[in-house]
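Positions are given from 1 along the sequence. Just so it is clear, the values below take in all heavy atoms, side chains as well, and ignore hydrogens, waters and symmetry mates.
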Amino acid sequence: MNLCQLQTLDRQIYTIEISTLGSSPIFPLLLTYYNALLTYIRSHLKTKILTLEEIKKSYSITLVPMKQFPPFYTVVTLLFTIFLSTMIQAQTVEDDFEGNGTISTWKADDCEMNTSLANPFAQGINTSATVLEYKDIGGQYANIRFEVDNTFDLSSNYTFSLKIYVPSNGLTGNQNNKLSLKLQDGTMASPWATQSEIIKPLVLDQWQIISFDFLNDNYFNLDPSSLPPTQRSDFNRVLLQVNGENNTDLVVAYIDDVFYDGSITSDPEFNDLVWSDEFDEDGPINALNWHHQTKLPSQGSWYNGEIQHYTNRIENSYVENGMLHLTGKKESFKDQGQTKQYTSARLNSKFAFTYGKIEVRAKLPTGPGTWPAIWTLGKNINEDGAYWDNLGFDSTSWPACGEMDIMEHWGTNQNWVSSATHTPSSSGNTMNVGSQNIPTASTDFHIYSLEWFPDKLVFRVDGVPHFNYQPAVLNADTWPFNAEQYILLNFAFLPSIEPSFTEDAMEIDYVRVYQNDNVSANVDNPRHLFKLKNAPNPAKDYTIISYTLLKKMEVQLSVHDVNGKLVQSLIDEKQAAGDHQVRWNLTNLSSGIYFYSLVIGEQTITEKIIIEK
């Protein structure tokens with residue numbers, strides 16, 4: 001069978017033409033050659049593959065007879081009308097600057113930019129009406145950039161391209177005219193530290209198409225210890241720079257038709273409100289939603305040197321005028337045989353969930369020694385006095401249960417709010433932390449949010465992100481966040497509290513949890529979740545295929561050629577959770593393109609490998 005064409009009819013419909021020997025009825029023919037069709041679709045569309053029966057039931061199939069080729073050849077065209085919104089969670093990365101692109105995060109650093117300029121040189125290969133204008137007015141690090149929701153998978157799609165026009169009268173100085181494309185991890189504090197860069201020469205006074213191939217072009221890793229770009233999965237930022245850094249000359253350039261030859265998985269939108277407390281009724285807190293956690297730990301004081309009692313009194317937690325008040329007081333209070341000089345409240349939600357978005361609109365207390373927090377813990381935590389522990393879910397100690405800190409505010413560092421994660425891989429003074437300055441943290445209300453995806457966490461204030469947690473390897477040490485968590489609200493005191501403190505409160509307007517019924521669809525095709533990849537690629541004598549399992553599962557790993565013929569079965573067994581590697585010996589294989597498929601339950605992920613002898 002010759003799979004001769006894949007053509008995009010529009011943004012949602014694909015046509016696959018299949019040439020075959022003989023004149024067998026179409027469905028027996030498809031049954032015979034279905035494996036080859038699968039590998040072709042997987043390699044080009046990177047989508048979830050359905051069984052033939054599912055396709056017959058779910059999609060409109062039209063058979064269109066074509067003209068006869070030489071004797072014994074029959075050509076049929078199989079039209080699959082596949083709506084991408086239901087098949088894949090994927091998005092192209094492109095921008096024509098005429099409103100048809102998917103890039104909405106363009107930013108300029110140390111230069112000027114206009115993303116909707118009338119094309120001043122509508123000629124040659126580019127007669128489009130609108131382009132991006134890049135104007136470096138002497139900035140030392142002038143560049144433009146954009147970011148995508150998730151990271152690029154450069155193992156199979158590794159080329160970026162664009163059109164550019166640099167007029168000679170838009171330059172000063174004697175620089176070598178060149179264009180750099182840099183890939184960076186935009187979640188890092190210093191994203192350039194691990195960047196990978198390709199530099200291409202420019203021709204003046206004409207439109208030219210420039211491509212940046214991170215498999216075949218010469219590239220430069222700023223950190224020499226970094227892996228080759230095609231073996232990395234941390235790039236989510238593309239940066240363009242004309243005539244390099246430390247260039248104080250003027251540069252004007254026009255850019256159009258930015259394009260990446262692959263796609264990125266797009267995050268689901270959490271927009272279904274599944275649980276909330278709007279604090280509409282004055283009086284005590286709603287006991288259907290919240291549990292007062294007051295039991296002291298075994299050492300007689302709360303962790304981290306906290307010096308308060310948490311109480312279930314209305315003086316420390318109440319609703320008034322549509323706001324929850326978690327009130328900290330300076331007062332002598334005896335409970336459980338211990339007398340302490342400060343009181344406050346610690347609430348556990350009676351709702352636990354997996355994946356979604358938490359939003360809390362709050363105004364914070366002030367003063368050194370105050371420590372309000374909005375956070376989550378695993379429902380399975382073994383902590384006497386916690387709501388879910390009392391119900392018998394106490395199977396796991398901290399930090400193996402996982403902790404997600406949505407907002408912490410230390411009064412000794414007024415207006416800095418912090419987010420963090422605590423896992424077995426890093427806890428306590430965790431290295432997984434991010435923060436931002438909120439000048440009105442204690443005078444105005446702000447929305448503190450967490451988006452919890454199957455493979456990453458995004459922490460924001462008023463929609464502005466300041467911390468992404470997305471470990472390269474997902475296992476019990478780095479990712480205990482595949483089980484239910486519950487919400488905690490508390491106001492703690494530290495020994496540094498000022499003697500003049502008397503009373504203050506964290507005020508909360510609402511707590512809301514959103515989910516998406518289709519989030520499981522993102523898990524059904526978890527290319528990024530299982531981290532399937534191989535290196536080296538291209539390979540000659542051997543390659544190592546690696547993947548990650550989140551739990552003990554039945555696993556099949558097999559290799560097919562471009563015709564769908566089984567080449568080798570590498571794995572067919574139940575494997576434990578964690579990281580796995582398989583060394584595949586290539587000595588008996590000829591050069592060409594092959595596809596290896598990882599089957600985990602009902603989920604199949606396929607990747608491409610090139611063998612060069």
TODO: Kindly indicate, with the supporting measurements, whether the criterion side chain to side chain contact (heavy atoms under 4.5 Å, CB included) is fulfilled by Tyr260 and Ser161.
DONE: CA-CA 7 Å; Tyr260 168 57; Ser161 63; over 6 Å; no

Open item on the list: Under 6.0 Å from the ring centre and within 45 degrees of the ring axis: does the NZ or CZ of Lys357 meet both conditions for the six-membered ring of Tyr514?
Closed with: yes

Task: Under 3.5 Å donor-acceptor, Ser425 side chain and Asp477 backbone - done: yes

Open item on the list: For a 4.5 angstrom cut-off between non-hydrogen side-chain atoms, does Val274 reach Phe351?
Closed with: yes

Open item on the list: Are Thr376 and Tyr486 packed together at the side-chain level, in the sense that at least one heavy-atom pair is separated by less than 4.5 angstrom?
Closed with: no

Task: Distance-only donor-acceptor check, side chains Gln241 and Lys182, under 3.5 Å - done: yes

Task: Glu607 side chain near Lys533 side chain, heavy-atom distance below 4.5 Å - done: no

Task: Stepwise side chain to side chain contact (heavy atoms under 4.5 Å, CB included) check, Leu179 with Ile210 - done: CA-CA 9 Å; Leu179 176 64; Ile210 298 182; 4.2 Å; yes

Task: Side chain to side chain, Gln568 and Ser558, heavy atoms closer than 4.5 Å - done: no

Task: Any side-chain donor near an acceptor of the partner, Lys456 and Asn150, under 3.5 Å - done: yes

Task: Side chains of His466 and Ser419, donor plus acceptor under 3.5 Å - done: yes

- [ ] Spell out, as yes or no, whether a donor-acceptor pair under 3.5 Å connects the side chain of Thr543 to the backbone of Ala535.
- [x] yes

Open item on the list: Just checking Phe214 against Tyr158, ring centres under 6.0 Å apart?
Closed with: no

Open item on the list: Treating Asp257 as the side-chain partner and Phe259 as the backbone partner, does any N or O pair qualify as donor plus acceptor under 3.5 Å?
Closed with: no

TODO: Go through the side-chain N and O atoms of Thr194 and Asp223 and say whether any donor and acceptor fall under 3.5 Å apart.
DONE: no

- [ ] Report yes if the distance between the aromatic ring centroids of His580 and Tyr547 is under 6.0 Å, otherwise no.
- [x] yes

- [ ] Tell me yes or no: between the side chains of Glu554 and Gln556, is some donor less than 3.5 Å from an acceptor?
- [x] no

Open item on the list: Is any side-chain heavy atom of Asn432 closer than 4.5 Å to one of Ser426?
Closed with: yes

- [ ] Report yes if the distance between the aromatic ring centroids of Trp584 and Tyr596 is under 6.0 Å, otherwise no.
- [x] no

TODO: Indicate yes or no for a side-chain donor-acceptor contact from Gln208 to the backbone of Val203 under 3.5 Å, with no hydrogens or angles considered.
DONE: yes

Open item on the list: Between Gln515 (side chain only) and Thr354 (backbone N and O only), is there a donor and an acceptor less than 3.5 Å apart?
Closed with: yes

Open item on the list: I'd like to know if Asp217 and Lys200 make a salt bridge, using a cut-off of under 4.0 Å between side-chain N and carboxylate O.
Closed with: yes

Open item on the list: Counting only heavy atoms not in Asn218 (residues, nucleotides, ligands), do more than 12 fall under 6.0 Å from its CG?
Closed with: no

Open item on the list: If you count every heavy atom of other residues, nucleotides or ligands that lies below 6.0 Å from Lys540 atom NZ, does the total exceed 12?
Closed with: no

Task: Nearest atoms (heavy-atom pairs only) where Lys613 meets Leu589 - done: CE-O, 2.9 Å

Task: Verdict with reasoning, Val513 to Phe353, per side chain to side chain contact (heavy atoms under 4.5 Å, CB included) - done: CA-CA 9 Å; Val513 177; Phe353 68 103; 3.8 Å; yes

Open item on the list: If you count every heavy atom of other residues, nucleotides or ligands that lies below 6.0 Å from Asn585 atom CG, does the total exceed 12?
Closed with: yes

Open item on the list: Does the Lys NZ or Arg CZ of Lys379 fall within the cation-pi geometry relative to Trp388 - under 6.0 Å from the ring centre and within 45° of the axis?
Closed with: yes

Open item on the list: Determine whether a donor-acceptor pair (N or O, by modelled atom type, separation under 3.5 Å) exists between the side chain of Asn537 and the backbone of Ser156.
Closed with: no

Task: Heavy atoms of other groups near Glu269 CD, more than 12 under 6.0 Å - done: no

Open item on the list: Using modelled atom types and a 3.5 Å cut-off, is there a donor and acceptor pairing between side-chain atoms of Thr92 and backbone atoms of Glu94?
Closed with: no

Open item on the list: Could you check whether any side-chain N or O of Asp261 sits under 3.5 Å from a backbone N or O of Thr159, counting only pairs where one atom can act as donor and the other as acceptor?
Closed with: yes

Open item on the list: Given 3.5 Å as the limit, does a donor-acceptor pair link the side chain of Ser196 with the main chain of Asn221, or not?
Closed with: no

TODO: Indicate whether the side chain of Gln184 and that of Trp192 have a donor and an acceptor atom separated by less than 3.5 Å.
DONE: no

Open item on the list: Do Lys107 and Phe146 form a cation-pi contact, if we require the NZ or CZ to be under 6.0 Å from the six-membered ring centre and within 45 degrees of the ring's axis?
Closed with: no

- [ ] May I ask you to decide if Ile593's main-chain N or O and Asp561's side chain share a donor-acceptor pair within less than 3.5 Å?
- [x] no

- [ ] Consider only side-chain N and O atoms of Ser180 and Glu197, and report whether a donor and an acceptor are under 3.5 Å apart.
- [x] yes

Open item on the list: For Ile125 and Trp207: C-alpha separation, side-chain torsions, deciding distance, then whether side chain to side chain contact (heavy atoms under 4.5 Å, CB included) applies.
Closed with: CA-CA 6 Å; Ile125 63 172; Trp207 282 104; 3.6 Å; yes

Open item on the list: Quick one about Thr187 and Asn468 (side-chain donor to acceptor, distance below 3.5 Å, no hydrogens or angles considered), yes or no?
Closed with: no

